[in-house]
Every structure is written in structure tokens, then in C-alpha cells.
Amino acid sequence: VPAYLDHAATTPLRPAAVEAMLPWLTGRYGNPSGAHAVARAARAAVEEAREDVAAALGCAPAEVVFTSGGTEADNLAVLGVPGPGTVVCSAVEHHAVLEPVAARNGATVGVDGHGRVDLDALPAAVGPGTALVSVQLANNEVGTVQPLADVVALVRERAPGAAVHTDAVQAAPWLDVATLAAGADLVALSGHKLGGPQGVGALVVRRGLRLSPLLRGGGQEAERRSGTHNVAGIVGLAAALREATARRDEVVALVGALRDRLATGLLAAIPGAALTGHTTERVAGSCSLTVEGVESEALLVLLDRAGVCASAASACASGALQRSHVLEAMRVPPSRAAGSLRLSLGWCSSEADVDAALEAVPAAVAQLRRAVA
Ligand SMILES: Cc1ncc(COP(=O)(O)O)c(C=O)c1O
């Protein structure tokens with residue numbers, strides 16, 4: 001089996017999620033919008049999942065909107081908040097935020113060298129005419145955690161009418177989202193980043209916030225997201241989030257120690273390697289670095305052959321690597337950014353995964369450097 005160090009891309013399903021989903025993939029079924037006994041049982045499962053998600057996120061069940069994933073949750077937040085005001089986001093957001101912000105002719109605010117949003121530049125971008133400010137809780141490429149409470153305080157002061165959205169997709173496995181995002185009006189989650197299934201997510205929409213739907217139809221989710229519920233997915237998301245929350249401290253300690261061993265070992269073994277992201281304000285599973293004099297693409301091919309699944313700071317859907325907008329915003333020089341490597345750990349990462357990477361990465365780098373020498 002390969003050493004899987006790409007949990008920021010997707011995670012294996014937690015057994016608790018599988019167990020919760022299995023009945024809904026086999027004997028049980030039903031359209032939760034219906035009225036008869038089979039439909040009511042499906043609705044009860046969705047509502048129970050909603051309560052679990054709400055408990056984990058510190059909101060009311062009625063504030064949880066189930067979506068088809070993180071992308072839809074982010075799009076619903078950014079496009080759903082009514083105008084005419086402007087929208088603003090950080091320069092290191094996921095494309096699921098950047099693209100809808102661009103579609104609304106929004107603005108981006110820069111970050112420092114660690115990827116933290118520039119709180120001195122934010123006031124100039126936020127004012128009474130602002131409708132929405134979107135700043136993620138943790139970054140998918142470098143793991144940096146944003147000072148969200150400071151962002152919220154600043155927005156409340158300068159733009160009392162604006163909504164604050166946070167993409168908590170990468171934060172949810174590691175951080176207490178309920179506390180850290182307590183001040184946000186909209187909070188996006190994705191099932192498959194926390195040991196749940198792909199194709200399901202959630203958006204917390206605080207009570208009283210007006211939001212126009214992206215998907216119109218049967219009026220599910222209190223008119224905020226039409227479409228027949230993905231019952232198995234929703235139940236799996238809730239089970240995964242329940243377990244991620246219950247075991248968070250233990251997993252953060254274990255995985256954080258694995259990550260530290262990996263990062264320290266790689267820096268010691270590879271001359272010209274440097275970590276990217278914040279040194280302390282970053283999620284436990286993230287180990288992102290740049291390696292001088294190598295190309296990410298070639299490195300990933302060698303790692304794949306050596307049985308190590310990793311990724312670069314940025315990949316697009318076609319699998320081809322584009323320049324990372326995150327590293328660019330952090331002003332990492334292009335020559336360094338070209339050799340970016342993202343190793344990301346998760347709930348089931350092991351010492352053996354770290355051992356495999358500590359062997360394969362320095363060897364692959366040495367091989368590539370020999371080839372150009
Ligand atoms: C920070 C962030 N936001 C949003 C998404 C999109 O989530 P999904 O894959 O569920 O659409 C991702 C996934 O890569 C992500 O890392």
C-alpha cells in the first residue's frame with residue numbers, strides 16, 4: 001500500500017462514517033421530502049445528522065444547510081449574499097471562493113509571508129458599501145490558520161451590515177470551528193476532508209441572514225438549497241464530524257507529532273528545503289515546503305513511483321500544475337515556488353507513512369539534482 005500523504009486533497013472514510021452510511025446504501029432509502037413512513041424515516045436521519053453537525057459547529061440545527069460539498073457551500077455563501085454591496089476575500093482563498101468573488105467583481109486583500117491576511121490592508125477594502133467578507137479559517141496549500149476573530153471585529157466596526165463568511169473546509173479536522181468561527185455569519189464545511197464522504201458538505205447560515213439560493217426547485221433546506229437530499233452522504237458527514245470532534249485533541253497531538261518529525265527530518269536531509277506557511281499558526285496535518293532546484297511535477301512522479309502519494313502546493317482539476325496563487329500571494333519567489341511539495345497527514349496517518357516519506361523525498365530530490373548536474 002502506498003504511503004498516503006495527501007489528506008488535504010481527500011481523506012479515507014472513517015469507519016464510523018461507513019457504518020452510519022451503509023444502511024442508507026443498502027436496505028434503507030426514502031426521499032426525506034415525502035410524507036409516508038419510509039420518507040419520514042429518511043427525514044429523521046437527515047434531521048438527526050443536522051443536529052449533530054449543529055452541535056459540532058456550535059449553531060442551531062435550523063442554521064445548517066446541507067450542500068453537495070465545500071465548493072457549493074462556498075459558492076452559496078459568496079453568491080447568495082444579496083448586493084448591491086461589494087465582496088472582498090483574502091488572496092489565499094480556495095478557488096471555490098476566489099472564482100465567485102471574481103464573478104461579483106470583488107476585491108482581494110493580500111497576506112504576509114506566512115499566508116496570514118494583512119490586517120493593515122483590510123480596513124481600506126472594507127467599508128459601509130461592503131456586502132460580504134470571506135476569509136478562510138485554514139489554508140489548503142500551506143495550512144496557515146487565519147486570525148478570523150480579528151477579521152470579524154474589523155468588519156463589524158467598519159461595515160456593520162456586511163456578512164462574514166469563512167471557508168472552514170481545511171480547518172474542520174483540526175480546529176475548534178465552533179469557537180473560532182463563532183463570529184462568522186456563514187461557515188463552509190466539506191465531508192471528504194474530515195473522514196466523511198465526497199460530494200456532501202454544509203454551510204452554516206446564521207439566523208436572520210438573507211441568502212438567495214443558487215439552486216431553485218423543490219424548496220428543500222428551508223428554500224436555501226433545493227434538491228433531493230443525499231441521505232447517505234449527510235449521515236456519513238455527520239458521523240465523521242462527530243468523531244473528528246470527539247477525538248480532535250488526541251488526533252491533533254498524534255498527527256502533530258508525526259508532522260513535526262516529518263518536517264524536521266526533511267529539512268535536515270534536504271539542503272535548500274524550506275517550510276512554507278506559518279511556523280505555529282498552522283493545522284496539525286500540514287507539511288508544506290519548497291525544494292530549491294527541483295520541479296514539483298518531476299518530484300511528484302518519482303514519489304509516486306516510490307509509493308508516496310503527495311501533491312504540490314497547487315494542482316488544477318486536469319492534474320496539470322499551475323502556479324500557486326497562495327505562494328505567489330505570500331511572495332515566495334517563483335524559482336522556489338516551482339519546487340513546492342505538499343505533504344498532508346490525516347486521522348489515520350502512521351509512523352510508517354512518515355518513514356516512507358523521509359526515505360523517498362530526499363532520495364527523489366537527490367536523483368533530480370543529479371540529473372541536472
Ligand atoms: C479550503 C477548501 N475549500 C473548498 C474546497 C472544496 O471542497 P469540495 O471538494 O468538497 O468541493 C476545498 C477542497 O479542496 C478546500 O481545500
Side-chain angles (χ1 to χ4, degrees), residues 5-13 17 53 64-79 89-102 108 111 115-117 134-146 148 165-175 177 180-181 184 186-204 214-215 225 227 230 233-234 236-238 240-241 244 277-278 282-288 309-319 321-322 324-327 329 340 342-346:
L5 289 154
D6 205 12
H7 284 254
T10 200
T11 57
L13 275 176
V53 171
V64 175
V65 177
F66 288 116
T67 67
S68 66
T71 299
E72 189 194 324
D74 284 337
N75 272 261
L76 177 56
V78 176
L79 299 176
C89 70
S90 90
V92 295
E93 297 301 309
H94 190 273
H95 286 288
V97 169
L98 285 175
E99 296 299 323
V101 166
T108 56
V111 297
R116 301 251 289 180
V117 65
S134 178
V135 174
Q136 63 193 185
L137 203 46
N139 184 262
N140 48 299
E141 295 185 18
V142 297
T144 296
V145 178
Q146 296 291 346
L148 189 67
H165 167 244
T166 191
D167 175 338
V169 165
Q170 293 288 344
W174 312 109
L175 304 177
V177 175
L180 294 172
L186 297 149
V187 183
L189 273 200
S190 171
H192 73 110
K193 310 288 187 180
L194 49 89
Q198 298 172 337
V200 65
L203 180 68
V204 173
L214 287 183
L215 299 183
R225 199 279 183 185
N230 169 4
I234 287 168
L237 163 66
L241 182 58
H278 201 282
R282 61 176 167 164
V283 293
S286 172
C287 179
S288 282
C309 299
S311 60
S314 192
C316 78
S318 67
L321 296 181
Q322 322 166 302
S324 157
H325 67 281
V326 174
L327 297 183
S340 73
R342 180 185 75 179
L343 300 164
S344 51
L345 295 79

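Indexing begins at 1, ligand by ligand and atom by atom, following the structure's order. Values below: all heavy atoms of this structure, side chains included; hydrogens, waters and symmetry mates excluded.
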With a cut-off of 4.0 Å, which atoms of ligand 1 are near a heavy atom of T71? 6 (C), 7 (O), 8 (P), 11 (O)
If you have a sec, work out which protein heavy atom is nearest atom 3 (N) of ligand 1 and how many Å separate them, to one decimal? D167 OD2, 2.6 Å
Taking 4.0 angstrom as the limit and counting only heavy atoms of N140, give me the atoms of ligand 1 inside it, by number and element. 1 (C), 16 (O)
For D74, take its heavy atoms, then give the atoms of ligand 1 lying under 4.0 Å from any of them. 3 (N), 4 (C)
Measuring from C309:SG to L343:CG, what's the distance to the nearest 0.5 Å? 11.0 Å
Value rounded to 0.5 Å, distance of CG in L203 from NE2 in H165: 6.0 Å
Go through the steps to decide whether T10 and Q198 satisfy the test side chain to side chain donor-acceptor pair (under 3.5 Å), and finish with yes or no. CA-CA 8 Å; T10 200; Q198 298 172 337; 3.1 Å; yes
Quick one: which ligand 1 atoms are inside 4.0 Å of a heavy atom on H192? 8 (P), 9 (O), 10 (O)
Under the 3.5 angstrom rule, does the side chain of R116 hit a backbone N or O of V111 as a donor-acceptor pair? no
Can you check which of E93, Q136, H94 brings a heavy atom nearest to atom 5 (C) of ligand 1? H94
Taking distance alone, with N or O pairs closer than 3.5 Å, would you say E72 contacts ligand 1? no
Just which atoms of ligand 1 are under 4.0 Å from any heavy atom in G69? 10 (O)
Less than 4.5 Å apart, side chain to side chain, heavy atoms only: is that true for T166 and L137? yes
Picking from D167, L186, V97, what satisfies side-chain contact (heavy atoms from CB on, under 4.5 Å) with V78? V97
Between OG1 of T67 and CD1 of I234, what distance do you get to the nearest 0.5 Å? 9.0 Å
Within the 4.0 Å heavy-atom shell around Q170, which atoms of ligand 1 are there? 1 (C), 15 (C), 16 (O)
Give yes or no for whether the N/O distance cutoff of 3.5 Å, strictly under, is met between G70 and ligand 1. yes
In sequence, state the C-alpha distance, the side-chain angles, and the governing distance for H278 and T144, and then conclude on side chain to side chain donor-acceptor pair (under 3.5 Å). CA-CA 5 Å; H278 201 282; T144 296; over 6 Å; no
Among all protein non-hydrogen atoms, which one is nearest to atom 14 (O) of ligand 1, and what is the separation to 0.1 Å? K193 NZ, 2.7 Å
